Protein chains: 2
Amino acid sequence: METTGDVVVVRGEEELFARAGHLWEHVSDLACAANDLYTWSVTRPSGPERQQRPERIRKLYRPGVLLDPSTAQHLRGLADSGAEIRITPDEINETIIFDRRIVILAGDASYGVRGYSVITRQEVVAGVQSLFEAAWRAGTELAVYDAQIAEIRTLAPRIMELLGSGCKDETAARTLGLGVRTYRRRVAELMNALGASSRFQAGVRARELGVV
Amino acid sequence: METTGDVVVVRGEEELFARAGHLWEHVSDLACAANDLYTWSVTRPSGPERQQRPERIRKLYRPGVLLDPSTAQHLRGLADSGAEIRITPDEINETIIFDRRIVILAGDASYGVRGYSVITRQEVVAGVQSLFEAAWRAGTELAVYDAQIAEIRTLAPRIMELLGSGCKDETAARTLGLGVRTYRRRVAELMNALGASSRFQAGVRARELGVV
DNA sequence: GTAGCGTTGGCAGGTTGTTGCCAGCCGTTG
DNA sequence: CAACGGCTGGCAACAACCTGCCAACGCTAC
């Protein structure tokens with residue numbers, strides 16, 4: 001563990017849980033941005049020590065989380081239970097904010113153990129909060145985005161499977177009974193939902209989200 | 001659990017462990033083919049019930065497992081301890097064979113719970129064994145392949161990072177101080193090591209192996 | 001000092017992918 | 001029944017990628 005006054009960097013989910021697990025006990029205003037459903041769930045205790053539910057929960061995700069029907073269903077369930085969920089096509093830094101007082105920023109997960117910055121300095125917290133608010137305002141309500149992406153979702157598994165098989169677009173299109181232009185339209189829509197600018201990146205992203 | 005006489009299909013690692021965990025106790029001739037290091041480790045008990053080590057262990061992997069230095073080091077350790085390890089560029093069906101008597105074939109892991117076929121019918125076991133032997137003979141000794149891939153491995157993380165960033169080859173090449181032809185040579189080598197025929201497939205594979 | 005070998009990188013031809021354009025088709029609405 | 005809107009799919013221009021070819025360079029051995 002490294003400390004620099006109001007910013008503490010911890011490495012790995014265990015250290016993060018030890019450091020921040022208690023924050024869930026009394027939080028009333030929770031805001032988070034994540035690339036998938038798991039990023040912040042590791043910090044949250046799931047036993048009897050979990051107290052009352054926060055008064056306000058806001059969650060901001062990338063569209064890719066809606067490509068998996070079960071994940072989409074889970075998010076709808078959360079929304080039905082009172083959580084406010086929005087979707088943003090923009091790149092987001094994975095962040096969680098407790099009561100506008102404590103911020104945790106997730107570091108790069110590409111290699112080895114992930115680092116998390118736990119920030120309590122109020123000026124910094126305020127800055128991160130305002131960035132979150134801007135991203136939140138630009139987001140689209142879950143229900144609205146879900147309706148838009150429903151069509152993509154029905155075909156997404158087959159397209160992902162075909163993309164993952166390594167075959168050419170022409171072959172994949174024929175397999176689905178589509179013209180190659182239409183197949184490529186669908187692929188472009190998936191790339192957008194995954195927030196990817198290349199097919200390699202889309203492949204990585206799809207695997208991370210478990211949709212391939 | 002579904003049964004068809006000498007072939008039993010189980011779903012998920014827990015059922016597999018319950019069904020096949022005991023096989024490790026007295027096995028003396030073990031042969032397996034896997035895409036990563038974890039596929040068959042879930043079936044193996046790790047406590048005191050594990051008896052003596054098999055007399056012969058043969059493991060066949062795809063080259064991608066050597067892209068990660070720590071995975072490569074682990075495999076070298078296994079080889080040093082007496083296991084015979086070979087690498088094959090060909091597609092392999094994940095298989096494990098106990099004493100030429102019992103075979104387990106891993107099913108598709110793309111979605112949901114993975115199915116495993118546990119086969120005891122001797123004709124089928126013999127057939128699978130001979131397929132394994134053919135693939136084994138075509139494989140390359142770990143040490144030989146490792147030496148060949150060492151060069152690729154040093155640059156692989158940077159290339160994966162750049163590929164994963166979604167930027168163009170020209171940009172990535174400049175970032176690494178290489179010509180775009182040379183960069184594309186390295187990418188082609190990585191694609192081969194990953195057994196991928198498209199960049200999307202390579203992205204998926206790289207993420208599965210944890211090298212991006 | 002020279003020959004041989006391996007690698008790099010520029011060039012180029014071919015393939016694959018990205019996206020715009022537009023004709024045709026189908027379903028809906030007035 | 002006609003008009004309209006949306007979607008499909010063929011075509012095409014362009015971009016990005018894939019791989020062969022070859023000159024140049026650096027290193028090693030003799």
Side-chain angles (χ1 to χ4, degrees), chain A residues 63-64 67 89 91 144-156 158-207 211-212, chain B residues 63-64 67 89 91 144-156 158-207 211-212:
Chain A
L67 289 177
E91 190 92 11
V144 173
Y145 211 104
D146 204 34
Q148 288 169 359
I149 211 168
E151 193 61 30
I152 300 177
R153 191 160 51 224
T154 61
L155 206 53
R158 294 286 288 117
I159 294 184
M160 298 287 194
E161 180 186 342
L162 287 160
L163 283 168
S165 74
C167 67
K168 284 177 285 189
D169 285 358
E170 203 165 324
T171 307
R174 273 206 304 278
T175 301
L176 292 177
L178 298 172
V180 74
R181 182 65 189 88
T182 301
Y183 174 79
R184 283 171 170 162
R185 270 199 196 91
R186 298 293 163 269
V187 169
E189 288 159 2
L190 280 176
M191 300 267 289
N192 282 340
L194 292 166
S197 56
S198 74
R199 286 206 182 185
F200 184 97
Q201 192 179 44
V204 172
R205 210 52 203 115
R207 194 73 188 92
V211 290
V212 74
Chain B
L67 290 177
E91 190 92 11
V144 173
Y145 212 104
D146 204 34
Q148 288 169 359
I149 211 168
E151 193 63 28
I152 300 177
R153 193 160 50 224
T154 61
L155 205 54
R158 293 286 288 121
I159 294 184
M160 297 288 194
E161 182 188 341
L162 287 161
L163 284 168
S165 74
C167 67
K168 284 177 286 192
D169 286 359
E170 203 164 324
T171 307
R174 273 207 302 279
T175 302
L176 292 177
L178 297 173
V180 74
R181 183 65 188 87
T182 301
Y183 175 79
R184 282 173 172 159
R185 266 200 198 91
R186 297 296 162 268
V187 169
E189 288 160 2
L190 279 175
M191 301 267 289
N192 282 339
L194 292 165
S197 55
S198 73
R199 287 206 181 185
F200 183 99
Q201 191 180 42
V204 173
R205 206 61 197 111
R207 194 72 188 93
V211 290
V212 72

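Per chain, numbering begins at 1; letters A, B, ... match sequence-line order. Computed from a predicted model, the values in this text were never measured in an experiment.
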Practice task
Anything under 4.0 Å to a heavy atom of chain B counts; send over the first and last such nucleotide of DNA chain D, read 5' to 3'.
Solution key: dA16(D) to dC21(D)
Exercise for the section: Indicate the atoms forming the closest heavy-atom contact of Gly203(B) with Val204(A), along with that distance. Expected result: O-CG2, 3.4 Å
Take atom [atom1] of [X] and atom [atom2] of [N], then tell me their distance rounded to the nearest Å.
| X | N | atom1 | atom2 | result |
| --- | --- | --- | --- | --- |
| Glu170(B) | dC11(C) | CD | P | 11 Å |
| Glu151(B) | dT7(C) | CD | P | 9 Å |
| Asp169(B) | dT8(C) | CG | C1' | 16 Å |
| Phe200(B) | dT16(C) | CZ | C1' | 16 Å |
| Leu178(B) | dT7(C) | CG | C1' | 12 Å |

Completion exercise
When rounded to the nearest 0.5 Å, the distance separating CG of Leu163(A) from CE of Met191(A) is 9.0 Å
Fill in the blank from the handout: Rounding to 0.5 Å, atoms CZ (Arg207(A)) and CZ (Phe200(B)) come to a distance of 10.5 Å
Handout entry: Student check: side-chain heavy atoms of Leu67(B) and Met160(B) closer than 4.5 Å
Key = yes
Problem - Within-4.5 Å side-chain heavy-atom neighbours: Leu190(B) and Leu155(B) - result: no
Practice task
Nearest-nucleotide wise, let me know which of Arg181(A) and Ser198(B) is further upstream toward the 5' end of DNA chain C.
Solution key: Ser198(B)
Practice task
State which residues pass side chain to side chain contact (heavy atoms under 4.5 Å, CB included) with Ser197(B); sequence neighbours excluded, sorted by chain then number.
Solution key: Gln201(B)
Handout entry: Residues from residues 182-189 of chain A lying under 4.0 Å of DNA chain D - heavy atoms
Key = Thr182(A), Arg185(A), Arg186(A)
Fill in the blank from the handout: The side-chain contact (heavy atoms from CB on, under 4.5 Å) partner of Tyr183(A) among Thr175(A), Thr171(A), Leu162(A) is Leu162(A)
Problem - Residue pair Arg199(A), Val187(A): steps toward the side chain to side chain contact (heavy atoms under 4.5 Å, CB included) verdict - result: CA-CA 9 Å; Arg199(A) 286 206 182 185; Val187(A) 169; 3.7 Å; yes
